[in-house]
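Inspection log for the structure reproduced underneath, given as structure tokens.
Remember, it's a predicted structure, so these values are computed and weren't measured experimentally. Naming: A, B, ... by sequence-line order, numbering from 1 per chain.
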Amino acid sequence: MTSESTATRYNVKETESKWQKRWDETGCFNVEIDPEKPKYYVLEMFPYPSGRIHMGHVRNYTMGDVVARYKRAQGFNVLHPMGWDAFGMPAENAAMEQGVHPGKWTYENIATMRSQLCKMGLALDWSRELATCHPGYYQNEQKMFLKFLEHDLVYRRRSWVNWDPVDNTVLANEQVIDGLGWRSGAAVERRELDQWFFRITDFSEELLEDLKQLERWPAKVRVMQENWIGRSEGMKVWFGLEGRDDRLQVFTTRHDTIFGATFCAISADHPLSSELAEGDADLTAFIEECRAIGTTEAALEKAEKRGYDTGLRARHPLIEGKTIPVFVANFVLMEYGTGAIYGCPAHDQRDLDFARKYDLDVIPVVIPADANPDEFEVADLAYTDDGVHANSEFINGLDLADAKEAVAVAIENVDIGQREINYRLRDWGVSRQRYWGCPIPIINCKDCGTVPAPEDDLPICLPDDIDFDQPGNPIDRHPTWKNVDCPKCGAAAERETDTLDTFVESSWYFSRFCSPRANEPVDTAAIEYWMPVDQYIGGIEHAILHLLYARFFTRAMKKCGYLDIAEPFEGLFTQGMVCHETYRSDDGEWLQPTQIESGSNGVLKRVEDGSPVQVGRSEKMSKSKKNVVDPEDIIATYGADTARWFMLSDSPPERDLKWTDAGIAGSWRFVNKLWRLVAENAHNEKMAEPSLFNKDLRAVRQQVHQTINGVTQDLEGFHFNRSVARIYELVNTLSNMKSVDAAEQWVLREGLETMVQLINPMMPHLAEELWQQLGNETPLFETRWPQADKSLMVQETVTIAVQIKGKLKATIELAHDVDQETAEATALAEPAVAAALEGKTVNRIIYVPNKIINVVHG
RNA sequence: GCCCGCUUGGCGGAAUUGGUAGACGCAACGGACUUAAAAUCCGUUGUCCGUAAGGGCGUGCCGGUUCGAGUCCGGCAGCGGGCACCA
């Protein structure tokens, strides 16, 4: 680079660190409660400290920062904090693989990532930084756990888990791949363990119902949560059992088909199954088989419907004298409904498959409206549509809804069942047999059972001296940690060695950010002022679990009196992923983008030896496919502003963004273009507004004010790519301006200052620097958002399209809001229009002011 | 299987309540400046016919509503996502 070009080139490094230092020193983004100002709480999903930030983080935090800076300029008291979702398995994996303590590993990663985030120039209140693995955080989680216990929001029960017999550990469902442990490769077993659960199902209806209020959530996320909660209305019905005193309770949502019931089926885990299995070796074996399959989804999908005839017969509740067989079936789930069903093969595909296999009756009881009841038959496809009931006594002829109602009334009248609403949602199991998590503050006593740890004992800290040289839970192996006296009876007892699911920490961190150093989980004044989060931003992958747990947890906290809101996130935005092309060598090895270069003919090849490269489709950046670009490299080369600008350009934020070298280079060119544009014109002194502007200048001012208006609306609506396009257009106009006379210079300055203010949320370092160059002493972070002058936005003349029968024939230039007569006359006088209408009768003319004239002829 | 969403040039994408399709960016091509390169600037770029003027066709496909459809309605296809023995 020559000395001449350094003068006209933007010194990114110097400028960015200068402004970062300035923001840091003034503490301008550290906020306090200010009752005089409206608050705005913007939050991006906090990161897991995995080691280094990736492009997904850059995109996420750039969006949040745009909102934060924009809202701040609008006069809001903006809370924009950052923290670390710091518990979790990767730290333990690192401990096992590298022998480094999970805490050390985590805090080192945090230090690295914090410094990387600082280089992005984010308007964050770092004074509120928190890490969930810090006792200051998790002791409050322990307090709340105890409070939840008091309010019956937590309970313990035996529950099945995926057990890896080699690693001696419990596996999450996603760690079981094809029935094998992801790490050990051992066949996973089902085991029953005592586990802690949060009563999220107490809130099923509320969590479902309140989704409707979340108007600023993506519809997609609401639908996903709705399906996950899975409300269904049905009935519980008792079936008597021949030769026994007890009855079998089944759940159904199609009680209208009860006259078509030809068998009952119960889960292998049903108490009746266990009872019957005693002394029945075949049934015992069958139950074992069901359980063996029961762990993986893939296996479930392929498993055929199988059953075991218990020999028991159930009495049909509405047909006197009719009995049907009772099977144990592998497709009935104990966790849903009552763990027992009746089968109506004609109208349920699963039941039909089962009936065909075991040669059970298939009785159609609902038939299409136009079908003949005597002839209608069900072959291999169950009839599940609405229709007319038949073979069904008192509901014959009724449609589905009426038949359901009639059956419900009949069953309730004889007191053999009642209407019931069921949910797919299960209680949230939070026990993890792991070290790097929040210890559950419970003491297990032989005599007193589970005893809450005394609050004075909190925090119950994790032991530091642990080792990972053998499989299993190191906290459980620790020689002394768990030994403690029972707080109730004083006898020797043991601490709970399970830790909490890490989703618990992320279920309330946003509340903690309001008062991150408070002695209690939350400070009432702070939480009342700041909550709820006005805008939450994060990945769609958290659409269900994290967001549902957080909604539950907030309600649970409300029940315990910690806060007084139900919904934590008023607005939610889910951003798309950052993708990149994938590259492979001829022998199939994945290659990093840095290993690729473009040859002279434009064909990609390997840098090291020029060998050919297979270009794959663009996919989410991932280490395994090596299609990652390190944000640190990009920021070091082009600066944070360029990276931020590229993140916001082109792709709408909710869609995937394709990272390209050409794209980042384009942003870099734009940064330099702005720099030059301002540098060339900054010498123009500020002066008084001229009283007159010529037409061209009026048009420029119009665009300036339209851009303010448009960018403002776009930022409000999360259309960052549209803002970017508008700013490009404005810059194109400004750079084409001549600035010879005073009026021109004044308008150019107005345009440049406006433009600089508008780019500030997106490229804050450059904006501050240019703002200063333009002679402003007050920094942008203390400057209000520009106001569009509506009177200047109105166009003096408009271009109107002239159509004939909807086809464009000409465009005409007319004064804004011109009357219809003038417009029509001008349109018809247009040569192309006149020619096309020659010899034709005009039937009708449609005039939409300032937009279009459509001439309809015969 | 069920539920959602998407489909616009070579590419990413624009297009208020139905009203000039392709803004803006990228890529490509042509040119200027330069000893040369980089950088920068100017121009062209949906497609087909035509030397041109001009015209035809164009928003996944088929049909409908309308003076007018990328936009609304019905059907179909393709792609993506979520859930999945939930009785």
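Using P as the reference atom, B/G55 and B/A39 are 41 Å apart when rounded to the nearest Å. Between B/G10 and B/U47, the distance separating the two P atoms is 7 Å to the nearest Å. The separation of B/C2 from B/G70, taken at their C1' atoms, amounts to 30 Å, rounded to a whole angstrom.
Listed nucleotides: B/C24, B/U17, B/C4. Nearest to the side chain of A/E729: B/C24. When distances are taken from the side chain of A/R722 to each of B/A15, B/C3, B/A87, the shortest belongs to B/A15. For A/Y728, counting side-chain heavy atoms from C-beta on, the closest listed nucleotide (B/G19, B/A21, B/C24) is B/C24. Listed nucleotides B/C42, B/U20, B/C26 differ in distance to A/T799; the shortest reach to its side chain belongs to B/U20. For A/A801, the side-chain atoms get nearest to B/U20 when compared with the rest of B/C4, B/G19, B/U20. Distance from the side chain of A/R844 is smallest to B/C67 among B/A87, B/C67, B/C83. Distance from the side chain of A/P652 is smallest to B/G13 among B/A87, B/G13, B/C4.
Here A/R655 reaches the OP1 or OP2 of B/G13: one of its side-chain N or O atoms lies under 4.0 Å away. OP1 and OP2 of B/G25 both lie 4.0 Å or more from every side-chain N or O belonging to A/K658. Between A/R424 and B/A84, a side-chain N or O to OP1/OP2 separation shorter than 4.0 Å is present. Taking side-chain N and O atoms only, A/N672 has no distance below 4.0 Å to OP1 or OP2 of B/U40. In terms of phosphate contacts, A/R669 brings a side-chain nitrogen or oxygen within less than 4.0 Å of OP1 or OP2 of B/A27. Contact annotation: A/Y336 reaches the phosphate of B/A87 (side-chain N/O to OP1 or OP2, under 4.0 Å). One finds a side-chain N or O of A/N721 lying less than 4.0 angstrom from the OP1 or OP2 phosphate oxygen of B/A14.
Within 4.0 Å (heavy atoms only), A/V856 reaches sugar-phosphate atoms of the nucleic acid but no base atom. Among the protein residues, A/T811 comes within range of the nucleic acid bases, having at least one heavy atom under 4.0 Å from a base atom. Residue A/N736 is in sugar-phosphate contact alone, with no base atom involved, counting any heavy-atom pair closer than 4.0 Å across all strands shown.
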Determine, stepwise, if the pair A/R231 / A/E226 fulfils salt bridge (charged side-chain N to carboxylate O under 4.0 Å, His left out).
-> CA-CA 8 Å; A/R231 183 184 199 271; A/E226 207 176 299; over 6 Å; no

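Residues meeting the side-chain contact (heavy atoms from CB on, under 4.5 Å) test with A/L545, sequence neighbours left out: A/W228, A/F503, A/Y549.
No donor-acceptor contact under 3.5 angstrom links the side chains of A/T582 and A/N627, judged on distance only. A/D256 and A/H389 share a donor-acceptor pair across their side chains, judged by distance under 3.5 Å alone. For A/S232 and A/Y336, the side-chain atoms include at least one donor-acceptor pair closer than 3.5 Å. Donor-acceptor pairing under 3.5 Å is recorded for the side chains of A/Q703 and A/T733.
Taking the six-membered ring for Trp and the full ring otherwise, the centers of A/F263 and A/Y342 sit at least 6.0 Å from each other. Checked against the 6.0 Å centroid criterion, the rings of A/F354 and A/F331 qualify as a close aromatic pair.
Between the side chain of A/K805 and the base of B/U66, no donor-acceptor pair under 3.5 Å is found.
Base orientation of B/G9: syn (glycosidic angle within 90° of 0).
In RNA chain B, runs of at least 3 consecutive Watson-Crick or G-U pairs, each pair with both distances below 3.5 Å, span B:1-7 with B:77-83, B:10-12 with B:24-26, B:28-32 with B:40-44, B:46-49 with B:54-57, B:60-64 with B:72-76.
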